[in-house]
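Numbers here are sequence positions counted from 1.
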Amino acid sequence: MPKQRNAAFVLVSQSWWTNVAPLLAASPGPSTAPVVRLLGPLVSQDAAGIWLGEVPANLTRAKGGSHVMMSLLIPWEQIIALGSIEESNGLKPG
């Protein structure tokens with residue numbers, strides 16, 4: 001049986017995203033929209049917010065030059081909308 005994974009679609013405020021984007025690799029340019037849509041593996045959720053995993057950081061590894069991956073905490077107060085889909089059936093979101 002495949003391991004159950006959930007992907008999260010998250011709408012966050014543009015002001016929060018503007019502060020977080022410099023931490024991420026190849027983030028898109030500034031937008032005039034009031035919200036930003038994020039998609040990533042939902043690692044967990046707690047009282048502080050939700051954790052997205054496998055987020056590429058703006059750091060690269062010395063060997064190979066690949067991006068360092070990190071988990072990103074999105075505080076509940078910055079989340080405008082949240083959706084989740086189960087990926088255990090082998091289908092990719094898209």
**OP:** Nearest 0.5 Å please: distance from the CH2 atom of Trp16 over to the CD1 atom of Ile79.
**Re:** 8.0 Å

Subject >> Verify same cluster id: Leu73, Phe9 (apolar side-chain graph, 4.5 Å) >> reply: no

Subject >> Closest non-hydrogen atom pair between Trp76 and Ile50, with its separation >> reply: CH2-CG2, 3.4 Å

Subject >> Residues which pass side-chain contact (heavy atoms from CB on, under 4.5 Å) with Leu23, listed by chain and number, not counting sequence neighbours >> reply: Met70

Subject >> For the student: nearest non-hydrogen atoms of Val55 and Leu52, plus distance >> reply: CG2-O, 3.9 Å

Original post:
Of the non-hydrogen atoms in Ser71 and Gly53, which two are nearest, and what is the gap between them?
Top reply: OG-CA, 4.1 Å

Original post:
Run the side-chain contact (heavy atoms from CB on, under 4.5 Å) check on Ile74 and Val12 step by step: do they pass?
Top reply: CA-CA 8 Å; Ile74 304 173; Val12 297; 3.7 Å; yes

**OP:** First locate atom CG of Leu24, then atom CG of Leu72, and finally report the distance between them rounded to the nearest 0.5 Å.
**Re:** 6.0 Å

Subject >> Pairwise distance CD(Glu77) to OG(Ser13) - rounded to 0.5 angstrom >> reply: 9.5 Å

Subject >> Nearest atoms (heavy-atom pairs only) where Met69 meets Glu54 >> reply: CE-O, 3.0 Å

Show me, pair by pair, the donor-acceptor contacts under 3.5 angstrom made by side chains of residues 37-49, not counting sequence neighbours?
from: Asp46; atom 1: OD1; to: Ala48; atom 2: N; distance (Å): 2.9
from: Asp46; atom 1: OD1; to: Gly49; atom 2: N; distance (Å): 3.2
from: Asp46; atom 1: OD2; to: Trp51; atom 2: NE1; distance (Å): 3.3

